[in-house]
Trainee: 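Structure in structure tokens, see below.
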Amino acid sequence: MSKKDSHILIPPILLTSLVLLFWGLTSGSILIALVIAGILDCRRWIPLKWDFDESAQVKAFQFSLLLMIAGVAISWIDDTGSAGALNVMTWVPVIFFPIEFVQRYGQRNTVTLNSFFFLSRRRMALDRKEGREVHPTQINTGYPYIFGVLTAASTTEALEWYFWGGICVLTFAVVFSISYGRGMRARGLWLVMPIVVALGWGIQWTMTTAYLWVKAHIESFYKSSGSGTFLADFTSYLGELGNVELNPKIEWRVWSDTNPEYLRLASHNNYSQGQWTYDYSAEEYDKFDHSYRGFFDAEIETQDGAVTYFRKTDRTLVEQSKKSDFLEIRGTIVQKQSTSVVPSAPGFYAVSGILGEQTYAEVNSMGALRFSNRDMVISYSLYADSKKIALDKPPLGEVDLRIPAEEKQVISGLVDQLGLRSMEDPKEVVAVLKHYFYSEFEYSTDFDPGDVDYNRSKIEWFLNDLKCGHCEYYATAAVLLLREVGIPSRYAMGYAVSERGSDCWNVRGTNGHAWSRAYIDGNWINVDLTPPDFRGVSSNAGMSAVDWLRERISLIREDFFIWRQDPLNRSGLLVKVSIVAVFLFLWIIYRLWKHRSRKEAPQWAYTTWSGDSVVTPLHQLERTIQKKIGLRAEGEPYATWVGKLVSCEGVDRELVAKVIQSHQQMRYDPSEKVDVKKLHSLVKELRRQTRKG
């Protein structure tokens with residue numbers, strides 16, 4: 001066996017344990033790391049061995065796949081996207097432990113690589129069945145496992161000084177041991193490795209620093225300008241006319257005795273060049289987040305730990321609330337911002353039963369409800385009364401009457417055309433506008449608008465020429481027209497609910513909607529000028545069978561996530577899973593104990609021979625020779641094994657022959673006097689040549 005044979009690439013003692021302990025420190029799983037490290041590295045001293053054949057290796061591989069699937073399932077329930085993937089990567093040391101165990105406690109020090117691939121495994125079986133000679137690829141998984149553990153440690157986002165130091169030291173140790181096993185001289189390694197490690201550390205540090213800087217600035221921007229679902233509570237853009245695509249997937253579900261009709265995410269009061277924003281500075285707030293502070297100024301915690309958020313002025317209303325006042329809303333938000341706006345029902349005055357131990361509710365002066373420190377799955381209850389005055393603050397002076405200069409002419413012209421200025425009753429104005437838009441305009445999200453005239457605004461183009469479009473244009477036109485006749489108005493966005501499910505109201509992406517809110521008779525009311533045929537569009541139109549199946553699975557995941565939040569359900573599930581895990585563990589231990597092939601003296605015992613055998617100085621060289629030519633095969637004579645050194649570069653053939661001859665005479669021909677001192681000298685020289693070569 002040459003030094004380039006892959007069989008000799010076996011990690012040195014304790015290297016795997018050091019890497020595992022480093023992973024345990026960075027991931028917070030130090031106890032698990034200690035157990036795995038103890039089992040793997042104690043192989044050198046535990047006198048147990050199994051004859052793990054290819055079939056056993058396949059079973060170990062399948063068990064690792066089972067662990068990976070379980071990890072993916074748990075991560076998928078708790079999270080989605082890249083974070084879920086990182087959660088699975090963190091447990092690589094546990095997932096691939098069965099494969100490493102089979103290799104270390106087997107009799108071959110290798111595993112068959114072909115066994116891990118179904119087609120390759122079938123091909124080998126067919127070749128053997130038909131009598132063809134098979135030469136499967138054998139590998140030692142020690143170093144791949146170590147690299148996997150280091151990768152797992154890197155996914156924990158531990159950026160303290162010891163993390164970087166540990167990565168550098170362990171990377172140096174791994175590359176050093178591999179290169180040394182491949183025959184690279186120690187002097188060259190010590191010169192090259194610091195440069196390699198320093199370069200790798202520098203690149204990693206630069207990338208991490210850049211990532212953290214970008215992440216910090218993006219989060220800072222979100223926090224200063226609104227950090228909700230798609231920043232909905234701060235800004236909204238008008239989509240392109242004739243080209244709007246909505247996802248038919250169910251985004252929210254509402255349990256309510258009656259149809260809530262409109263679920264609002266946010267309202268905006270400032271319009272300019274196709275963009276609606278919330279002008280928080282008009283209320284003398286320094287930052288957007290400040291508009292949420294102190295609006296819910298009271299809370300009650302019930303015996304089950306649920307917290308109800310409301311205003312002090314609504315305490316009596318909360319205490320006297322009836323079951324019919326409740327709406328339960330449930331959905332999933334996969335964006336990674338910890339703060340997100342959520343739907344609110346008309347006339348809501350309190351929020352309760354929020355999922356998440358650290359999650360709390362806030363509402364701003366525009367009536368936008370948001371949760372901070374929220375979970376991926378969101379569930380909460382609203383106290384709502386459609387007859388109640390909305391939580392939105394009264395109009396903000398001229399802000400809720402502002403019309404941009406580029407829209408003034410077309411808005412003023414349409415108001416005059418409809419004779420709205422002469423109407424004293426705001427409700428009559430609303431009725432006339434509804435009749436006009438319902439009869440003269442058409443709702444559509446997909447049509448050919450023709451060539452765009454960039455000399456005119458989108459609203460002018462919509463009102464004078466196309467008279468066709470989607471809800472964002474009707475809502476914008478409604479706000480500006482109402483403002484022109486002195487009715488304070490705001491732009492609202494959220495969902496128009498119409499689909500009744502088996503036990504709840506389904507809110508899909510296709511239900512996304514925009515409308516206006518007008519301040520009439522001392523209260524904010526919804527004014528929707530979008531032609532009502534938009535509700536006739538099938539909510540799940542265009543959904544493929546695959547999308548439907550994904551939706552079902554997503555809803556099941558969502559319901560299971562909610563179910564297991566109940567302490568009783570969670571404890572019961574934990575007990576059942578623990579029982580299954582214990583029985584599985586005991587079954588594996590039983591199978592291993594039953595099928596152990598034999599007890600074996602640990603490897604270090606080879607250098608301390610016992611019984612009637614004569615120990616010679618050459619036996620002390622066994623560890624050094626192992627590193628050079630690999631382990632001695634079972635039943636192979638010691639002298640024959642040592643004789644393989646003659647094929648190694650830098651080793652004197654005559655010296656090997658002399659050492660073996662003296663060794664054999666000392667063991668098997670005691671009558672002939674052997675110069676032990678000279679043999680020690682020859683062995684010493686052989687050790688030097690072996691290490692140097």
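Residue indices begin at 1 and follow the sequence shown.
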Trainee: Between Asp559 and Trp563, does a side-chain contact (heavy atoms from CB on, under 4.5 Å) hold up when you go through it step by step?
Mentor: CA-CA 6 Å; Asp559 291 339; Trp563 176 85; over 6 Å; no

Trainee: Please name all residues satisfying side-chain contact (heavy atoms from CB on, under 4.5 Å) with Ala475, sequence neighbours left out, ordered by chain then number.
Mentor: Tyr491, Ala514

Trainee: Out of curiosity, Gln62 CD to Leu67 CG, how far, rounded to the nearest 0.5 Å?
Mentor: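 So the gap between those two atoms works out to 12.5 Å.
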
Trainee: Could you grab the distance from atom CD of Glu472 to atom OG of Ser236, nearest 0.5 Å is fine?
Mentor: 5.5 Å

Trainee: Side-chain contact, heavy-atom cut-off 4.5 Å: Ile411 with Leu481?
Mentor: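 Touching, per the 4.5 Å side-chain cut-off.
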
Trainee: Could you tell me the separation between the CG atom of Asp286 and the CG atom of Asp289, rounded to the nearest 0.5 Å?
Mentor: 12.0 Å

Trainee: Any side-chain heavy atom of Ser578 sitting closer than 4.5 Å to one from Val575?
Mentor: no

Trainee: Do the side chain of Asp385 and the main chain of Phe348 share a donor and acceptor less than 3.5 angstrom apart?
Mentor: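 No.
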
Trainee: Do the charged groups of Lys467 and Glu442 touch, with an N to O distance under 4.0 Å?
Mentor: no

Trainee: Under the side-chain contact (heavy atoms from CB on, under 4.5 Å) rule, collect the residues that match up with Ser256, sequence neighbours excluded.
Mentor: Val254, Thr258, Leu327, Trp505

Trainee: Do Ser340 and Arg374 get their side chains close enough for a donor-acceptor pair, meaning under 3.5 Å?
Mentor: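 Yes, Arg374 and Ser340 have a side-chain donor paired with an acceptor closer than 3.5 Å.
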
Trainee: For residues 524-532, dump all side-chain donor-acceptor pairs below 3.5 Å to protein atoms at least two apart in sequence or in another chain.
Mentor:
residue : atom : partner : partner atom : Å
Trp524  : NE1  : Lys393  : O            : 3.0
Asn526  : OD1  : Trp515  : NE1          : 3.0
Asn526  : OD1  : Arg517  : NH1          : 2.7
Asp528  : OD1  : His513  : NE2          : 3.4
Asp528  : OD1  : Thr530  : N            : 3.1
Asp528  : OD1  : Thr530  : OG1          : 3.2
Asp528  : OD2  : Tyr262  : OH           : 2.7
Asp528  : OD2  : His513  : NE2          : 2.8

Trainee: With side-chain contact (heavy atoms from CB on, under 4.5 Å) as the criterion, how do Leu463 and Phe437 come out once you've worked through the C-alpha distance, each side chain's angles and the decisive distance to 0.1 Å?
Mentor: CA-CA 10 Å; Leu463 291 175; Phe437 280 95; 3.9 Å; yes

Trainee: Without hydrogens or angle criteria, can the side chains of Tyr278 and Glu283 be said to hold a donor-acceptor pair below 3.5 Å?
Mentor: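 A donor-acceptor contact under 3.5 Å links the two side chains.
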
Trainee: Could you check whether atom CD of Gln409 has more than 12 heavy atoms from other residues, nucleotides or ligands sitting under 6.0 Å from it?
Mentor: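 Result for CD/Gln409: open.
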
Trainee: Can you name the residues that form a salt bridge (Lys or Arg N to Asp or Glu O under 4.0 Å) with Asp375, not counting sequence neighbours?
Mentor: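 Scan of Asp375 (salt bridge (Lys or Arg N to Asp or Glu O under 4.0 Å), adjacent residues dropped) gives none.
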
Trainee: Mind checking whether Tyr519 and Asn523 have side chains closer than 4.5 Å, heavy atoms only?
Mentor: no

Trainee: Might you work through the ring pair (Phe, Tyr, Trp, His ring centres under 6.0 Å) test for Tyr383 and Phe310, ending with a clear yes or no?
Mentor: CA-CA 9 Å; Tyr383 296 64; Phe310 56 94; 8.3 Å; no

Trainee: Can you list every salt bridge (Lys or Arg N to Asp or Glu O under 4.0 Å) pair that touches residues 406-423, not counting sequence neighbours?
Mentor: Lys408-Glu484, Asp416-Arg421, Arg421-Glu484

Trainee: Verify whether one side chain among Asn373 and Gln358 offers a donor that lies under 3.5 Å from an acceptor in the other.
Mentor: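 Asn373 vs Gln358: no donor-acceptor pair found between side chains.
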
Trainee: Return the set of residues passing salt bridge (Lys or Arg N to Asp or Glu O under 4.0 Å) with Glu362 (not counting sequence neighbours), or none when no residue passes.
Mentor: Arg370

Trainee: For a quick test of reading the model, state the closest non-hydrogen atom pair linking Ile250 to Trp252 and the distance between them.
Mentor: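 Heavy atoms only, the tightest pair is CG2-O, 3.5 Å.
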
Trainee: For residues 423-436, please give each side-chain donor-acceptor pair under 3.5 Å, one per line with the distance, not counting sequence neighbours.
Mentor:
residue : atom : partner : partner atom : Å
Asp425  : OD1  : Lys427  : N            : 3.1

Trainee: Between atom SG of Cys471 and atom CG of Leu238, what is the distance when rounded to the nearest 0.5 Å?
Mentor: 10.0 Å

Trainee: Set out, in order, the CA-CA distance, both residues' side-chain angles and the distance that settles side-chain contact (heavy atoms from CB on, under 4.5 Å) for Met376 and Ile333, then state yes or no.
Mentor: CA-CA 5 Å; Met376 178 190 66; Ile333 297 180; over 6 Å; no

Trainee: For the rings on Tyr292 and Phe288, is their centre-to-centre separation under 6.0 Å?
Mentor: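 Between Phe288 and Tyr292, which both carry aromatic rings, the centre distance is below 6.0 Å.
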
Trainee: Run the salt bridge (Lys or Arg N to Asp or Glu O under 4.0 Å) test against Arg311 and tell me which residues pass, sequence neighbours left out.
Mentor: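 In terms of salt bridge (Lys or Arg N to Asp or Glu O under 4.0 Å), with neighbours along the sequence ignored, Arg311 is linked to Asp314.
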
Trainee: Taking 4.0 angstrom as the limit, do Glu251 and Lys249 come out as a salt bridge?
Mentor: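 Judged by the 4.0 Å cut-off on N to carboxylate O distance, Glu251 and Lys249 do not form a salt bridge.
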
Trainee: Do Leu355 and Ile378 have side chains that approach each other closer than 4.5 Å (heavy atoms only, starting at C-beta)?
Mentor: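 Counting from C-beta outward, Leu355 and Ile378 never come under 4.5 Å.
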
Trainee: Within the 4.5 Å heavy-atom criterion, are Tyr349 and Leu317 side-chain neighbours or not?
Mentor: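 Side-chain contact under 4.5 Å: yes.
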
Trainee: If the plane angle is over 60° it's perpendicular, under 30° parallel, otherwise tilted; pick one for Phe462 and Phe441.
Mentor: tilted

Trainee: Residues in side chain to side chain donor-acceptor pair (under 3.5 Å) with Tyr271, at least two apart?
Mentor: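 With sequence neighbours excluded, Tyr271 shows a side chain to side chain donor-acceptor pair (under 3.5 Å) to no residue whatsoever.
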
Trainee: For the residue pair Tyr474 and Gly469, what are the closest heavy atoms and their distance?
Mentor: CE1-O, 3.4 Å

Trainee: For Glu460, give me all partners under side-chain contact (heavy atoms from CB on, under 4.5 Å), at least two apart in sequence or on another chain.
Mentor: Val410, Arg456, Ser457, Asn464

Trainee: Verify the neighbour count for atom CD of Glu398: are there more than 12 heavy atoms of other residues, nucleotides or ligands below 6.0 Å?
Mentor: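 Count over threshold, so yes.
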
Trainee: Taking Arg264's backbone N and O only, do any of them form a donor-acceptor pair with Ser344's side chain (distance below 3.5 Å, no angle check)?
Mentor: yes

Trainee: Identify the two heavy atoms, one from Ala368 and one from Leu265, that lie closest to each other, and give their separation to 0.1 Å.
Mentor: CB-O, 3.6 Å

Trainee: Given 3.5 Å as the limit, does a donor-acceptor pair link the side chain of Arg253 with the main chain of Glu328, or not?
Mentor: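 Not a single qualifying donor-acceptor pair exists.
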
Trainee: Roughly how far, to the nearest 0.5 Å, is CZ of Arg490 from OG of Ser516?
Mentor: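 With rounding to 0.5 Å, OG (Ser516) is 12.5 Å from CZ (Arg490).
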
Trainee: Might you point out which heavy atoms bring Ala518 and Ile487 nearest each other, and give the distance in Å?
Mentor: CB-CG2, 4.0 Å

Trainee: For Glu284, look at atom CD and say whether over 12 heavy atoms of other residues, nucleotides or ligands are found less than 6.0 Å away.
Mentor: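 No, because the 6.0 Å sphere around CD of Glu284 holds 12 heavy atoms or fewer from other groups.
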
Trainee: Tell me every residue that passes side chain to side chain donor-acceptor pair (under 3.5 Å) with Thr476, counting only those two or more places apart in sequence or in another chain.
Mentor: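 For Thr476, the residues satisfying side chain to side chain donor-acceptor pair (under 3.5 Å) (neighbours in sequence not counted) are Trp276.
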
Trainee: Looking at every non-hydrogen atom in both residues, tell me the closest pair between Phe296 and Ala361 and how far apart they are.
Mentor: CD1-O, 4.0 Å

Trainee: Would you mind reporting whether Tyr309 and Ile354 have side-chain heavy atoms less than 4.5 Å apart?
Mentor: yes

Trainee: Side chains of Arg402 and Asn270: any donor to acceptor distance under 3.5 Å?
Mentor: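 Yes - a donor-acceptor pair under 3.5 Å links their side chains.
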
Trainee: Can you tell me if Ser554 uses its side chain to pair, donor with acceptor, with the backbone of Glu551 under 3.5 Å?
Mentor: no

Trainee: Is the shortest heavy-atom distance from the side chain of Thr277 to the side chain of Asn269 under 4.5 Å?
Mentor: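 Sidechains of Asn269 and Thr277: no contact.
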
Trainee: State the CG-CD1 distance between Leu65 and Ile95, to the nearest 0.5 angstrom.
Mentor: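 So the CG of Leu65 and the CD1 of Ile95 are separated by 9.5 Å.
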
Trainee: I need the minimum non-hydrogen distance between Leu369 and Pro343, along with the two atoms involved.
Mentor: CD2-O, 4.2 Å

Trainee: Looking at residues at least two apart in the chain, or sitting in another chain, which of them share a ring pair (Phe, Tyr, Trp, His ring centres under 6.0 Å) with Phe371?
Mentor: Tyr380

Trainee: Is there side-chain contact between Asn511 and Arg508, with at least one heavy-atom pair below 4.5 Å?
Mentor: yes

